[in-house]
Amino acid sequence: MTTEIVAVSSEPVDEASKLKTEMGLSFPVLSDTTHSVIDGYGVFHENEAKGRPIARPATFVIDPEGTVRYRYVGNDPRDRPSIEELLEALSR
């Protein structure tokens, strides 16, 4: 089975591209300025202190049929699932 990693940002396309470059990411960083994906997956950060709409840090494993098989929504940018937890979710 092939696994694909994609990031979604609330930033405009140029800012999302800049983020990808600055972080040295090898996977796509998509722009969701209308928040349709962020809202659709229920990860909108309602109490963002910076006063602009962003997403909570979240990780999803979605199967080829579009079913969410794993969901982790963090409280801050450092709150992420462990590699072991992700590998376990992918193996199911």
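The model shown is predicted, which means the values in this text are computed figures rather than measured ones. Numbers for residues simply follow the sequence, beginning at 1.
A 6.0 Å sphere centred on CD1 of I83 holds no more than 12 heavy atoms belonging to other residues, nucleotides or ligands.
Taking Ile, Leu, Val, Met, Phe, Trp and Tyr as hydrophobic and joining them when side-chain heavy atoms fall under 4.5 Å apart, one finds L19 in a cluster with I5, M23, L25, F27, V29.
In this structure, CD in E22 is found 10.0 Å from OG in S17, a value given to the nearest 0.5 Å. Taking CG from D63 and CG from L90, the interatomic distance works out to 11.5 Å, rounded to the nearest 0.5 Å. Atom CD in E4 sits 10.5 Å away from atom CD1 in I62 (nearest 0.5 Å).
A distance-only check finds a donor-acceptor pair linking the side chain of S31 to the backbone of E11 [under 3.5 Å].
Counting only heavy atoms from C-beta outward, the side chains of S10 and H35 approach each other to under 4.5 Å.
In this structure S36 satisfies the side-chain contact (heavy atoms from CB on, under 4.5 Å) test together with D32, T34, sequence neighbours excluded.
Here side-chain hydrogen bond (donor to acceptor under 3.5 Å, both in side chains) pairs that include residues 72-81, with residues two or more places apart or in two chains, are Y72-D79.
No side-chain N or O of E88 forms a donor-acceptor pair with one of Y70 less than 3.5 Å apart.
The minimum heavy-atom distance linking R71 with Y41 is given by the pair NH2-O, 3.1 Å.
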